[in-house]
Amino acid sequence: MSWYWGKKMIKVRIAPSPTGYLHVGTARTAIFNWLLARNQKGKFVLRIEDTDIKRSSQEMTQSIIDSLKWMGLNWDEGPILQCDRLENYKKNAEALIKTKLCDFCYCTEEDLKPRKQAALAEKKSWKCNRPCLSLPSDERQKWIMRPAAVRFFTESDGKVSFMDKLHGELTKDLHDIEDFVLMKSDGTPSYNFACVVDDHEMGITHILRGEDHISNTFKQIIIYKAFGWEPPVFIHVPMILGADRSKLSKRHGAVSVLEYRDKGILPETLVNFLALLGWSPGGDREVLSMEELISEFSLDKLGVTGSIFDYQKLEWMNGEHINRLSDDELLERIKNFSKLPTRILYSGESELRFNNHINSPASQDFSSTLLSEDDEYNKKVIALLKPRMKTLLDMESYFFVEPTEYDEKGAGKYLTQEGKQRLELLKTRLSELTEFSVENIEAVIRAIAGELGIGAGLLIHPLRLALTGKTVGPSLFHLVEVLGKERVMQRIEKTMEWIKPS
RNA sequence: GCCCCUAUCGUCUAGCGGUUAGGACACUACUCUUUCAAGGUAAAAACACGGGUUCAACUCCCGUUGGGGGCGCCA
């Protein structure tokens, strides 16, 4: 047992199962646990629940580790793999069998299935009522060579209850809890059993997890009691919901942490955003740094109602975090982002915007459309674009590669014969500038407009189109300055060629 | 069907017996402006319902209704 300033040291864990990418729901649970540990100067443990051998994979374990690391959720112990602890569960199960609170169960899935379906058909709740145990001993003897599971015998009278830090005392009739499996017949422990054994042996003091686990907690309390172990403190936090208020899943949009990384969301944004789903520091504060989250975090500010994942608010918050970064820092982030070795393949519709960089987001190398070799140039672009950026993907590619096409509507309006003449004039006069500065550029353009007796817009629009291919973007004068004389001349030339002669 | 949890603007939330019910996202208008954003200003928007308790309920209690979750040799 560890102590800190006379208080029992808090030890928490996150226990994902490597059957898929790290889900934002699991990530949020990890964030709460991590914040609690860091705030209380406790320990944060990473445990991989890989006992479902068929569905678990090493790749997923790695991607979960990558996700956690990306978010900056560092752990003090682990990763501990449950599959490395199989002997341990076996040993504990054997000890428990001696108490007669559980025993081998020879029923197979095929044995149980018809009973289960019958119960369902009668609209009764399903309960495994020990069919193989009610068999005469000679009959049971015949099954003894079958691979057996270990099943716990739940009392039919009485209640189980535990104190939840958020919900208060939670109680359930033992009658409503079925005889559940402790050890599967393949020798691996069931979730509830492994969880209790591990949490106890690792000295976990607080279990903070989603409220979809409440029904598991009742079973786990029963196991703690059977062993005579002291249960930890339980905190069941509400779930993250999709737009239709059901459990957030793939069909609602992006659900894995890495997907957000790959869409240009900053890790501090995702942590900030997720932390605010079901928790609030109180008052009006919303955009918080990791340090602020740690110092503000407290269990009694947790909420009890489920919350919908709002992609739009995530984007807004990402813009806020991007704008809190210095230009140098942002450049670093974009560099790392453009060099991400693997991007996970997305399925389904994305709720997050994609800009012109991607059509097929999988395994694409953005380095050439996000940045140039010249960091001085990159920084100028960043300074110009930063205030309007929502994601890292908002670096406009036209700063780095020539536009290959022009906005159709805009071109129809401005890239006309008249527009061509104006571009010609623009090109000549701009080329005469010795100092290619915002002030000079603006002065030249306004002067031409005056000479021609037209609004400056009639020069600005065709020029923007020529330079970027788009009708919208940052301040044109700044744009021209950042692109530089060489690119500007080249692109005007190219556009003039593009405009068909009359 | 059984069991468990839950209820403040469309969304995330603040509120912890007495408030003009506050903020943020989104939305709308205005402003700024070469465009689109950003910024600024403003507007609109909520205590699910019914009973109690109390001098006083969004706040406490009980129901109803609504929502969510669980009911695997998945985790």
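Bear in mind the structure is a predicted one, so any value in this text is a computation, not a measurement. Protein chains get the first letters and strands the later ones, always in sequence-line order, with residue 1 at the start of each.
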**Student:** Could you tell me the Watson-Crick or G-U partner of B:rG50, where both distances fall under 3.5 Å? Say none if there is no partner.
**Tutor:** B:rC62
**Student:** Using heavy atoms to find the nearest nucleotide of RNA chain B for A:Met239 and A:Pro147 separately, return the residue whose nucleotide is more 5′.
**Tutor:** A:Met239
**Student:** Taking the P atom of each, how far is B:rG70 from B:rA75, in whole Å?
**Tutor:** 15 Å
**Student:** Is B:rC71 paired to anything, Watson-Crick or G-U wobble with both distances less than 3.5 Å, and if yes, which nucleotide?
**Tutor:** B:rG1
**Student:** With rounding to the closest Å, how many angstrom separate the C1' atoms on B:rG18 and B:rG10?
**Tutor:** 30 Å
**Student:** Between B:rG51 and B:rA38, how far is it from one P atom to the other, in whole Å?
**Tutor:** 47 Å
**Student:** For a quick check, with a 4.0 angstrom heavy-atom cut-off, what is the B/S/- contact string for nucleotides 32-48 of chain B, read 5' to 3'?
**Tutor:** --BBBBS----------
**Student:** Using purine N1 to pyrimidine N3 plus N6-O4 or O6-N4 for Watson-Crick, or N1-O2 and O6-N3 for G-U wobble, both under 3.5 Å, which nucleotide pairs with B:rC55?
**Tutor:** B:rG18
**Student:** Answer yes or no: does a side-chain N or O of A:Lys184 lie under 4.0 Å from OP1 or OP2 of B:rA75?
**Tutor:** yes
**Student:** Looking at B:rU28, which nucleotide sits across from it as a Watson-Crick or G-U wobble partner, both distances under 3.5 angstrom, or is there none?
**Tutor:** B:rA42
**Student:** Grab the CG-P distance between A:Leu174 and B:rC71 for me, whole Å please.
**Tutor:** 18 Å
**Student:** Using the C1' atom in both, what is the distance from B:rC49 to B:rG66, to the nearest Å?
**Tutor:** 10 Å
**Student:** Please determine, by modelled atom types, if A:Asp157 and A:His175 share a side-chain donor-acceptor pair under 3.5 angstrom.
**Tutor:** no
**Student:** Measure from the side chain of A:Lys247, starting at C-beta and using heavy atoms only, and say which of B:rG22, B:rG70, B:rC74 lies closest.
**Tutor:** B:rG70
**Student:** Rounded to whole angstrom units, what separation is found between the OH atom of A:Tyr191 and the C1' atom of B:rC71?
**Tutor:** 15 Å
**Student:** What I want to find out is whether A:Lys313 reaches A:Glu286 closely enough, with some N-O distance under 4.0 Å, to be called a salt bridge.
**Tutor:** yes
**Student:** Let me know the distance between CZ of A:Arg285 and P of B:rA14, rounded to the nearest Å.
**Tutor:** 15 Å
**Student:** Rounded to the nearest angstrom, tell me the gap between atom CD in A:Gln220 and atom P in B:rG70.
**Tutor:** 15 Å
**Student:** Should the pair A:Arg429-A:Glu424 be classified as a salt bridge under the 4.0 Å nitrogen-to-oxygen rule?
**Tutor:** no
**Student:** For B:rU59 and B:rC47, measure between their P atoms and round to the nearest Å.
**Tutor:** 12 Å
**Student:** Using the P atom as the point on both nucleotides, what is the distance between B:rC61 and B:rU54, in whole Å?
**Tutor:** 16 Å
**Student:** Flag the pair A:Asp212 and A:Lys247 as a salt bridge only when some basic side-chain nitrogen lies within less than 4.0 angstrom of an acidic carboxylate oxygen.
**Tutor:** yes
**Student:** Nearest-Å distance, CD (A:Glu178) to P (B:rC74)?
**Tutor:** 13 Å
**Student:** Does the distance from a Lys or Arg side-chain N to an Asp or Glu carboxylate O, for A:Lys91 and A:Glu87, drop under 4.0 Å?
**Tutor:** no
**Student:** According to the Watson-Crick and G-U wobble definitions, with both distances under 3.5 Å, which nucleotide is paired to B:rA37?
**Tutor:** none
**Student:** Measuring centre to centre across the rings, with the benzene-like ring taken for any Trp, is A:Phe162 within less than 6.0 Å of A:His167?
**Tutor:** no
**Student:** Rounding to an integer number of Å, can you tell me how far A:His321 NE2 sits from B:rC25 P?
**Tutor:** 13 Å
**Student:** Under 4.0 Å between a Lys/Arg side-chain N and an Asp/Glu carboxylate O for A:Lys470 and A:Glu396?
**Tutor:** yes
**Student:** When you compare B:rU28 with B:rU33, how far apart are their P atoms, in angstrom units rounded to a whole number?
**Tutor:** 22 Å
**Student:** Any salt bridge between A:Asp179 and A:Lys219, counting N to O under 4.0 Å?
**Tutor:** no
**Student:** Report the distance from atom CD of A:Gln82 to atom P of B:rC74, rounded to the nearest whole Å.
**Tutor:** 13 Å
**Student:** If you measure from the P atom in B:rG15 to the same atom in B:rU31, how many Å do you get, rounded?
**Tutor:** 38 Å
**Student:** Nucleotide by nucleotide, 5' to 3', does protein get under 4.0 Å of the base (B), only the sugar-phosphate (S), or neither (-) in nucleotides 4-13 of chain B, counting heavy atoms?
**Tutor:** SSSS---SBS
**Student:** So that I can tick it off, tell me whether A:Arg13 and A:Asp198 are bridged by a salt bridge, with the cut-off set at under 4.0 angstrom between side-chain N and carboxylate O.
**Tutor:** no
**Student:** May I ask you to say what A:Thr19 touches in the nucleic acid, namely base, sugar-phosphate or nothing, with a heavy-atom cut-off under 4.0 Å?
**Tutor:** nothing
**Student:** Rounded to whole angstrom units, what separation is found between the CG atom of A:Asp179 and the P atom of B:rC71?
**Tutor:** 16 Å
**Student:** Is the A:Trp279-A:Phe32 ring centre distance short of 6.0 angstrom?
**Tutor:** no
**Student:** With under 30° as parallel and over 60° as perpendicular, where do the rings of A:Tyr311 and A:Phe309 fit, or are they tilted in between?
**Tutor:** tilted
